[in-house]
Structure formats: structure tokens, C-alpha cells
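Below is one structure; the comments refer to it alone.
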Protein chains: 2
Amino acid sequence: MSDKKMLIIEKASELFAKNGFGATSVQEITDACGISKGSFYLSFKSKESLLFSIFEYFSTKLIDRLGDILHMEATARNRFEQFFVIQFEEIARHSDFILMHMREQASPINEEMLGLLNKLRGKAYEAMENLLLDLYGESIQIHLPDLIVMLNGIIHGYVEIIVFNKKMLNYTDLANYIIERTDSIINGLTEPLLKKEQLLSTGGITFSITLEELVKDIEMIKQQIQDTEDEVFISLDVIGQELLNPNFRKPVISGMMSNLKNSELSEGVVRKLVRFLNQ
Amino acid sequence: MSDKKMLIIEKASELFAKNGFGATSVQEITDACGISKGSFYLSFKSKESLLFSIFEYFSTKLIDRLGDILHMEATARNRFEQFFVIQFEEIARHSDFILMHMREQASPINEEMLGLLNKLRGKAYEAMENLLLDLYGESIQIHLPDLIVMLNGIIHGYVEIIVFNKKMLNYTDLANYIIERTDSIINGLTEPLLKKEQLLSTGGITFSITLEELVKDIEMIKQQIQDTEDEVFISLDVIGQELLNPNFRKPVISGMMSNLKNSELSEGVVRKLVRFLNQ
DNA sequence: ATAATAACTGACTGGTCAGTCACGTGTCAA
DNA sequence: TTGACACGTGACTGACCAGTCAGTTATTAT
């Protein structure tokens, strides 16, 4: 990521957080960065793609840190503590932006954003699930959905305080306080309320990619290229052909996809392909 | 409130919730209502004032219902249960709208909106405080800020599920589930984490009790008693009279308050009095 | 030094939208 | 029937803004 891009992400996320996405003009962003408006469009395709980049940048960082916990050598309790601390740190750091834009559909949310959001939620869920099981044992399995909802809620409650009071809380103390409350809750558990399906469908944001959709996308890009000798065109063509085969060979597709690495035009379709193959 | 205004509020809040405030044009709203754009401006001064009206409408309704709980004749536990149920009902009903505008300041928030928001938060805080004290006793006083933050968080967590899964949860069951968890948490409490000031400064909200509010509350209880010979009635009457005196004599009030110790009806007002005198 | 290329600029374009206003239209009393 | 008044309309205006592009400046290669 170039310095310029980083600068824009930095300033823009501040402005978005302060005034909202719609209320912040590209001009304001470029003014804050001390660059021209035209220059902005050398770094980002559009205002919306900037939003995506910001979200990608922040959520990648959070996902990485959450992932690290799982491989950390420490007691279950310490890892659980770290889980909270990291969330408080990262969310507090970018809270305004993340809270504002990710929670609700206040900003243009497209498929890609949703994909990333789902990934983030999924990772957080997965991490919390693992940590709870490590710490309290398999017997709480059935209570996981409720516990996760409650703990996320509690985190959210304190994050609001952190956001408004700016750093007035010690994250480690807070993490331990919450863990102690979790101990109490788990001690008193009887019957669960939520079933796993209810939690997972939360957000109703499952965007499965259909084959038809992919093939259509590929055709559209091919039409834009026109040149049948073009490397990208040929690669897309091969992928399209292969996908139509009920038992398509993944290696063929991945191979061809490597030819699309540098094609801006195919960026979107490549991302969709990756998600499709992982489904 | 005229039918026209109501119609606009109805349709607009749907549209705002679906697409956001900025992304919804007045034209879209008037189209949805089947009226002309000019007609819109007969009912509302501006798009922003519509937003305020919507918010006022919903929050007034919620505040009224929360206020009703405090004067409800039922066990502390049942009133606490109702507190949750009402929040789930009202917030779920207007969740999209409320969530959108509370969480992110994506829309123009002016002083009036903030005032209303503070009033809403204050009422919810006050109600929760009263209900918690009624149910668990004065000993939890010191834990109130933490409890309120956690409970609000937990409510928030389940509201998200309700919003996305649309009515898939039984609110009474859910309320009782949360109360049971609260029991557990309270059982295990040791040292509090938050101090009252930290919570109160959240969002710059101050919950000062006004004299007018107190006098109104006292009048309401007097009306419920009716019997002008009743000890509680007389005590409240004296307190009310004393409060109207700019240099009211605290000893008179405290003395009269001791007569209210055993009056369940006056519990709330006594607590408010204590807080008022300590201000 | 010069050419070639990359990086950058900001005036401009096409489009959207909140809010206005001159012009109906329906109603009701005189 | 008339005229006064409330209610309603939608074309219009001015402001704003995302995105473009012809032109300028900085950098690097020769």
C-alpha cells in the first residue's frame, strides 16, 4: 500500500467518522490530505472503493490479531483476556468508523463489503467459540450462541463508554472484569435460549455466489475487452468454459486466475471466483 | 398530529431505515405517500425537521411506556420483566430507524435531537436503576453503572437477533432469561469497574432531576392515593409545598421522607428526592 | 540537455436534490 | 354565483458533488 493511499485512508476515515460517508465530499478529503481531487482518483477508482479499502484495511488487521490469539501460548484464561483487550484496542481505535459504517447500512454496502463483514463476524465468532470451549469445557457447547450474543453485547456496551470517554478504562482490567462476569453467568446457566441456527442467520447476509452469476460476469468482461487474442480474454474464456463443466477442474481455474492478477477489469470477478471456489 | 403528518412519518421512517437518511430524497418520500413534493413542505419545515419529528414520535412512545412500568402494580421481578419486553417490542418495531440514527451520526444531529436522545437515555437509565434497586436491594448501588452497561449491551445483542430474525424470539422468555443471567452476575459481583461519573459522562448525558419533574411525580402519587387523611398523602403534600419554596428546608423534607419509608408507591419518588437533594 | 514518462492538478460536466413559488383546485359562507 | 381561503401541485432554481480530462509539473532515462 502506497504512502498516498495510506494518507487518504487515514484522513478519510477520520472525516467519515466525524461527518458520515455521504456528508463527506471527495474534495474535503483531498483538502485534508493536501492533494488535488484528480490525484485522489489515481489512488482509488471511486469514493465507494475508498470505503471498501478502509474497511478492508481495518478488518484485516483485526482478523489477523484475532487469529494470532488462537496460536498463542498461554493459559486459556490469558488468551481469553487477550481476546477482549485486542477487540477493545482495535475497535476503540477505529470505533467511530467501524461502528458507523459497518453496523448498519448507512453507507453503500455492496457484495464485497458484505463478504468482508461476514468474514469478520465469522472470525470473531469462531475465536470466541474456541476460547470459551478452551476455558469452560465442552459442557457449555449448547450455551455458546447465547454466551456469544451476551458477551458481544457486553463488549459493545463498554466500547461505547471507551469511545465517549477516550481511553479512560484499562483494557486488561476491563477484560478480567468481563471474564469474571462470564464465570458467574456460566455458573448459573440452565436452559439455553438461542439455537445455533438463529445466531448464524443473524445478518441474513449470506451471499452465495451462483455459477450463473459468475458466468454472466465473465461474459461481460470479455465483451469489454473484445480482443480475442488478449491474455485476460483467453483466461476468462477458459475459466468460463471450465465452469460450465459440472465437474470443473479447480486447478485449471486457479491457473487461469493467476493470469488475471494484474487485470484491474477482472478484480471483482476474481474475488467472486475465490469465494465461489471456497463455498 | 394530522393524518398527513403521520402518513409521512410512517413512510419516511421505512425509507430512512431501508436506505438511510441521506440516500432518501424528499421526492421518494412524497412518491411513497402519493402526495406532491410541495405538499411535504406544508407539513414539515425541512427534511431535517421530519427526522426530528420521527425521532420524537418514537422516543416519546418508548419513554411513556417505560414511565408506566414504574407505576405498575406488580412484583419487582414482573416489572423488570416488563421493562425488557417493552424495550424489545418498541425497539424491534422501530429498530431499523432507531438503530440507524442512534449508532451512527450519519444524519444531521442537532441540539434538539441530542436533547431528545439524552432524555430517552436518561429515562431508560433511571428506569433500569429503579428496577434493579427494587429487585436486588440497595446493596447493589455501587454496581449500578456496570450492571446498566452490561444489561444494555445484552439487550442490544438480542435486539440485533430480533431485528434480523424478525419476531423469532418470545420476548417474555427472553426477558426472563436475561433476568436469570442478571441474578447470576449479581451473585458473583465483587468490585465494580465503572464509577458513576464515567457512565454519566457518556455522550455528555447528565441526568439531573428537575424540581418540576419531582413536583409532578409527587402530584401523580397523591392522585393515586386520593385519601387526604393518609399519612403518605400528607407527607407528600408537605414535601411538595416545601419544594416550591425557593429556599426549601432540607430537614423538613428528610423528615417527611422518613414517613414514606414503607410506602411502595413512593419508592421511586423517594429515590429521586435523595438524588435531587444530593445534586 | 533533452526526451519520455510518471505524477499531479483543478476547471469542467452531467446529474442529483432540497427547498420555493406561481398556479391550480376544492370548499364553504355570504 | 362569487370570492375568499385552505389545500395541494410540480416545474424550477441554486447549490453541491462525483468523476473526467486536457494540460502542467516533477522525475527519470538517455
Side-chain angles (χ1 to χ4, degrees), chain A residues 1-55 97 100-101 105-110 112-113 224 262-265 267-268, chain B residues 1-55 97 100-101 104-110 112-113:
Chain A
M1 178 98 59
S2 72
D3 284 359
K4 177 70 68 57
K5 264 187 147 173
M6 277 308 303
L7 175 68
I8 294 174
I9 285 181
E10 206 76 36
K11 298 287 185 187
S13 54
E14 275 171 34
L15 288 169
F16 286 164
K18 199 161 21 147
N19 312 318
F21 180 77
T24 307
S25 68
V26 172
Q27 190 69 62
E28 280 175 273
I29 296 167
T30 54
D31 284 353
C33 295
I35 61 172
S36 71
K37 201 172 164 190
S39 193
F40 172 90
Y41 287 93
L42 294 176
S43 296
F44 296 96
K45 213 176 87 277
S46 65
K47 190 184 169 190
E48 192 178 330
S49 82
L50 163 64
L51 185 67
F52 178 74
S53 293
I54 295 176
F55 183 57
F97 181 81
M100 178 174 50
H101 288 284
Q105 71 246 70
S107 51
I109 286 193
N110 51 33
E112 283 168 312
M113 291 274 281
Q224 282 180 54
N262 300 316
S263 158
E264 277 200 31
L265 215 58
E267 254 181 63
Chain B
M1 178 100 57
S2 71
D3 285 0
K4 174 74 66 59
K5 264 186 147 173
M6 277 307 304
L7 175 67
I8 294 174
I9 285 180
E10 205 76 36
K11 297 288 183 187
S13 55
E14 277 172 34
L15 289 170
F16 286 165
K18 204 168 9 157
N19 312 319
F21 180 76
T24 306
S25 67
V26 172
Q27 190 68 63
E28 279 176 273
I29 295 168
T30 53
D31 285 354
C33 296
I35 60 171
S36 69
K37 202 174 164 189
S39 190
F40 172 90
Y41 286 92
L42 294 177
S43 297
F44 296 95
K45 211 177 88 279
S46 66
K47 191 183 169 192
E48 194 178 328
S49 81
L50 162 65
L51 185 67
F52 179 72
S53 293
I54 294 177
F55 188 63
F97 180 80
M100 174 178 65
H101 289 284
E104 0 127 353
Q105 75 252 68
S107 49
I109 285 195
N110 52 32
E112 280 170 314
M113 288 276 283

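Every value quoted in this text rests on a predicted model; they were computed, and no experiment measured them. Order of the sequence lines fixes the chain letters, A, B, ..., with proteins taken first and strands second; residue numbering starts at 1 for each chain.
Rounded to whole angstrom, the span from the CG atom of Leu51(A) across to the P atom of dG19(D) amounts to 12 Å. Taking atom CD1 on Ile35(B) and atom P on dA6(D), their separation rounds to 19 Å, with Å as the unit. If you measure from atom CG of Leu7(A) to atom P of dC8(C), you get 11 Å, rounded to the nearest angstrom. Rounded to whole angstrom, the span from the CD1 atom of Ile8(A) across to the C1' atom of dA18(D) amounts to 15 Å. Across the protein-nucleic acid pair, Ile29(B) atom CD1 and dT16(C) atom C1' stand 15 Å apart, rounded to whole Å. Protein atom CG of Asp3(A) is 13 Å distant from nucleotide atom P of dA7(C), rounded to whole Å. The CZ atom of Phe21(A) sits 12 Å away from the C1' atom of dC17(D) (whole-angstrom rounding). Taking atom CD of Glu48(B) as the reference point, atom C1' of dC17(C) lies 15 Å away to the nearest angstrom.
Residues Leu42(A) and Lys4(A) have side chains not in contact (no heavy-atom distance under 4.5 Å, counting atoms from C-beta outward). Contact check for Thr30(A) versus Ser39(A): no side-chain heavy atoms found under the 4.5 Å cut-off. You'll find the side chain of Leu50(B) stays beyond 4.5 Å of the side chain of Val26(B), heavy atoms only.
A cation-pi contact, defined as under 6.0 Å to the ring centre and within 45° of the axis, links Lys47(A) to Phe21(A).
Of the residues in residues 36-47 of chain B, Lys37(B), Tyr41(B), Ser46(B), Lys47(B) come within less than 4.0 Å of DNA chain C through at least one heavy atom, sorted by number.
Scanning both residues, Ala23(A) and Glu28(A), for their nearest heavy atoms gives O-OE1, 3.4 Å. Contact detail for Tyr41(B) and Ser46(B): the closest heavy-atom pair is CE2-CA, 4.0 Å.
Note on Ser49(A): nothing from the nucleic acid sits closer than 4.0 angstrom, heavy atoms only. Counting any heavy atom pair closer than 4.0 Å across all strands shown, Thr30(A) reaches no nucleic acid atom.
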